[in-house]
Structures are given as structure tokens and as C-alpha cells.
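The block underneath contains the structure these notes are about, expressed in C-alpha cells.
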Amino acid sequence: MPRYARNDALIKSMLAKRIIPCLDVKDGRTVKGVNFVDLRDAGDPVELAWNYSRQGADELVFLDITATVERRKTMVELVKSVARQINIPFTIGGGINEIADADALLNAGADKISINSAAVRNPALIDELAKAFGAQFVVIAVDTRSIGDKNIVHLNGGRLPTERETLEWILEAESRGAGEILLTSMDHDGTKNGFDNGLLKIVNDAVHIPVIASGGAGAVQHFVDVFEKTNVDAALAASVFHYGEILIPDLKAVLKSNNIEVRI
Amino acid sequence: MTGIIRYGAGNIFSLTAALERLGIPYGMINTKEDFEKFDRYIIPGVGHAGAAMHKLEQTGLVPTIKALNKPTLGICVGMQLLTSYSEEGDSNLLGIFPIKTLKFKDSSTYKVPHTGWNQVFPEKENPLFQNIPSGSHFYFVHSYFIEYDKAYTLLSATYSNEFSASIWHDNFYGVQFHPEKSGVYGETLLTNFSKL
């Protein structure tokens with residue numbers, strides 16, 4: 001466990017745990033309500049992103065839910081605007097189906113792309129993307145929900161169950177060249193009762209690539225818990241940040257006081 | 001003015017966007033003649049070091065790069081190219097630094113690629129890191145690292161082992177992290193380089 005490595009005098013630094021706000025974007029505008037007092041335009045994803053980077057966010061995820069034929073064009077425009085203004089890494093996801101989508105987003109300045117349904121439907125897409133752009137560019141987003149005593153991969157925002165068991169799918173994605181896993185528990189998402197630490201620990205112990213925890217963040221203690229109990233690399237949340245319920249500087253101060261390595 | 005050496009290894013949109021935000025003038029270098037127009041150079045690079053070296057050789061710019069005497073900064077794979085050898089593709093590189101680029105050993109504790117914000121510690125005094133505190137975090141994404149070397153390591157960092165987060169020899173500099181993605185201190189570094 002790396003957090004005990006601090007006891008070893010030879011090791012003088014550790015990789016920081018990352019805090020990642022997630023923004024939902026439709027037709028170039030953020031869709032969830034946002035409650036920052038000092039924003040001129042809460043619907044402008046670039047201004048929001050800039051604000052989060054100033055607060056100390058380590059990375060950003062944009063989930064594009066645009067459903068028009070113009071989708072790729074609007075995503076590319078969004079990515080370019082973000083890359084021009086923001087000095088931290090960001091991931092874009094939503095409806096990326098083919099190499100050409102990924103190529104356009106890479107050239108627009110995206111650091112990573114996140115793939116969900118398209119990878120489940122066509123797992124070979126992961127191999128193609130990793131080969132073309134490198135594993136570090138390919139985040140596999142997995143929405144999981146428990147059915148009976150099994151964790152099952154779901155599509156369409158958790159509404160459509162698949163045949164795949166979650167851990168088995170994640171291990172396949174890793175072996176095909178995924179560079180990172182974004183694991184969202186649909187059972188926990190929206191509950192504000194904390195992350196799915198049981199499943200996250202199983203997954204994090206099983207893979208050799210970074211894992212981002214998502215779904216269930218409602219309080220600062222939930223972030224402390226997810227890092228202490230599962231040792232995941234990053235934690236993602238949306239509404240608690242957007243509504244100002246948790247401020248990133250306060251969150252990081254608490255993590256640090258719990259001896260969790262963070263970038264301050 | 002800063003010249004960015006173009007050889008087809010990776011996207012540079014974020015790098016040029018950062019230079020524009022900082023008001024640092026830049027242009028592109030595609031031919032040997034272009035080097036004259038600039039007073040400092042950046043060698044960018046992402047992806048596979050062996051493949052990047054192959055692309056660089058195809059440009060015919062290698063002898064000119066080896067003979068540069070103005071400040072030259074390699075970023076990420078662009079930095080690894082400055083070393084003599086990489087385990088990635090068992091590749092011979094530029095050899096400006098007589099040290100090697102090696103692969104991190106992966107495990108569930110030390111995942112590879114080394115992805116995220118890690119602390120860097122100066123081993124020497126250098127204006128490239130002016131106004132950047134020791135222990136500042138920078139953003140890394142890499143599976144291969146440049147070995148720690150007392151003579152050449154400018155900044156050290158530690159993951160599963162200690163490695164060179166930055167190297168320096170005469171007018172040649174390299175950074176393993178991405179200054180264009182490393183927040184305010186990354187921007188400070190780019191500004192410092194523009195004044196070397």
C-alpha cells in the first residue's frame with residue numbers, strides 16, 4: 001500500500017490522489033445546475049472548468065450528452081476551447097464510437113477520451129484506440145449495478161443490463177489496452193451515501209492501471225473513506241462540487257490531514 | 001522566439017495553447033534552415049520513443065539537433081529522445097545525455113503508466129525552476145523513465161523507484177512531466193524557459 005511508504009525514509013514523494021469534477025455538457029452548454037457565486041455564466045463549460053482548475057481540481061471530465069448529428073463538431077469545439085484556457089488535464093467522453101472521433105478529439109487537445117457503450121459492444125475498439133493513440137489516452141468508463149449477488153455492466157446510464165460481469169469486463173478492457181478505469185456504481189450514484197468501496201477495492205486490487213471512483217459522493221468523509229479503504233487513484237463527483245456543497249480546497253485540506261497525499 | 005521541432009510525434013495543441021496564454025512567441029521548425037529563425041527550441045513528443053526516434057531520423061534534422069548550442073527543451077518523449085537508449089522498442093536515441101530510458105515495473109501498488117501529479121525535487125540550482133518551490137507537483141503520464149544520474153538529473157521524483165523528472169547538460173534540458181498540463185507551476189517553467 002503506497003500510503004504506508006511514507007514510513008520509508010528512502011521514498012520522499014508519492015503520487016497524489018486526484019480529485020476530478022465531472023461536467024455534463026449538451027450542445028456546448030453545461031446541463032446540471034451550478035451554484036458558484038462568482039460565475040458570470042454557469043452554463044459555460046469553459047468558465048466552469050477554469051474555476052475548478054483555480055480551486056485546485058487535478059483533472060476534469062466532460063461528458064457530452066449532445067444527441068444531434070452535429071455531435072462530433074460540437075465536441076471538438078468544446079475540447080478546443082477547454083484546451084486553450086485550462087492548464088490541467090481533461091478527459092472527454094460521450095458517444096465516441098470510432099477511431100476518427102478519437103483522432104479529432106486528440107488533435108483538438110483532449111488528454112484522454114472515455115469510452116463506455118461502444119467498447120462493450122465492440123471490445124476490439126479498445127485495442128485499436130490503444131494501438132493508435134497509446135493506452136494513456138484510453139479511459140474505459142464502466143457503469144455497474146448489482147443484480148442478485150453479481151455486479152453487472154450496464155449501458156444507457158445504468159438502465160440497460162448487459163451479459164458482462166463487471167470485474168471480468170474490466171480485466172478484459174485492461175488486457176486490451178485500457179489505460180484507466182472510470183468505475184461508476186449506479187447503485188450508489190445520486191444517493192450521496194458514499195462510494196461503493198467494496199467493489200472499488202476488489203477492482204483496484206485486481207488491475208495494474210489507475211482506477212477512478214465515481215458515484216455516491218455526498219460528504220468530505222466519503223472521499224477520505226474511498227482512498228483509505230480502496231486505495232483508488234482518483235475520485236470523481238459532480239453535484240457536490242457544482243452546488244458548492246464541497247469546496248475542493250476544503251476537501252484537500254481534510255484529505256491531507258488524514259495523511260492522504262494530495263496536490264495543494 | 002521559441003521554435004517547436006515538428007517531426008510528427010504527437011499532438012501539440014495543448015503546448016501551443018499554453019505558450020499563447022503566456023504570451024510566449026513561437027514558430028514551427030520543419031527544415032534545417034528554420035533553426036536560424038529561433039533563439040531556443042522545444043522538442044515535444046508523446047507515444048512510443050522508438051517510433052518517435054524513427055520519425056525524427058526521417059526528417060534529416062538529427063545532426064542539426066545534436067549540434068544545437070541554444071537552449072533546447074525536450075518534453076516527455078521529447079526528453080527521452082535526448083538520452084542514449086530506450087527499453088521501449090530497444091531503441092538507440094540521440095545520445096546527448098549518456099544515460100538510459102527504462103521501463104517502470106508495474107504492480108497493483110505502482111501502476112503503469114505513472115499517471116497523475118507527483119512531487120519533484122531540485123538536485124541542482126537552475127533558472128529553469130526559478131519561483132517553483134521544491135516538492136511542487138507536476139503532471140506525469142509515462143511508462144518509461146530516465147534513470148537517476150548524479151551528473152545529469154536536475155529534478156528527481158520517486159515512483160516505484162527514483163528517476164529523473166528533469167535532466168540538464170549545457171544548453172540541453174528535458175522534463176518528463178507535461179508543463180502545459182501542470183497548472184501554474186508548469187506555466188512558470190515555460191515562462192522561465194522562454195527567458196533562458
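If you measure heavy-atom distances from A:R263 to chain B, the contacts under 4.5 Å come from both the backbone and the side chain. Only the backbone of A:V262 has a heavy atom closer than 4.5 Å to any heavy atom of chain B. Only the backbone of B:S182 comes within contact range of chain A, with at least one heavy atom under 4.5 Å from a heavy atom of that chain. With a 4.5 angstrom heavy-atom cutoff, A:A83 touches chain B via backbone and side-chain atoms both. Heavy atoms closer than 4.5 Å to chain B are found nowhere in A:A234, neither backbone nor side chain. Of the two parts of B:V141, only the side chain, counted from C-beta on, holds a non-hydrogen atom closer than 4.5 Å to a non-hydrogen atom of chain A.
Between chain B and the residues A:V207, A:I264, A:I209, the most heavy-atom pairs under 4.5 angstrom are made by A:I209. Among B:T115, B:V112, B:T16, B:V46, the residue making the largest number of heavy-atom pairs under 4.5 Å with chain A is B:T115. Interface remark: of the candidates B:H178, B:E20, B:H114, B:H48, B:H114 forms the most heavy-atom pairs closer than 4.5 Å to chain A.
Residues A:R84 and B:R21 share a closest heavy-atom pair of O-NH1, 2.7 Å. The minimum heavy-atom distance between B:F13 and A:N107, with the atom names listed, is CB-O, 3.8 Å. The shortest heavy-atom contact between A:L15 and B:W117 is CD1-O, 3.5 Å.
Residues A:N87 and B:E187 meet the side-chain proximity criterion, which asks for heavy atoms closer than 4.5 Å. At least one side-chain heavy atom of A:E261 sits less than 4.5 Å from a side-chain heavy atom of B:Q119.
Taking B:D149 as the reference, nothing meets the salt bridge (Lys or Arg N to Asp or Glu O under 4.0 Å) condition, with sequence neighbours excluded.
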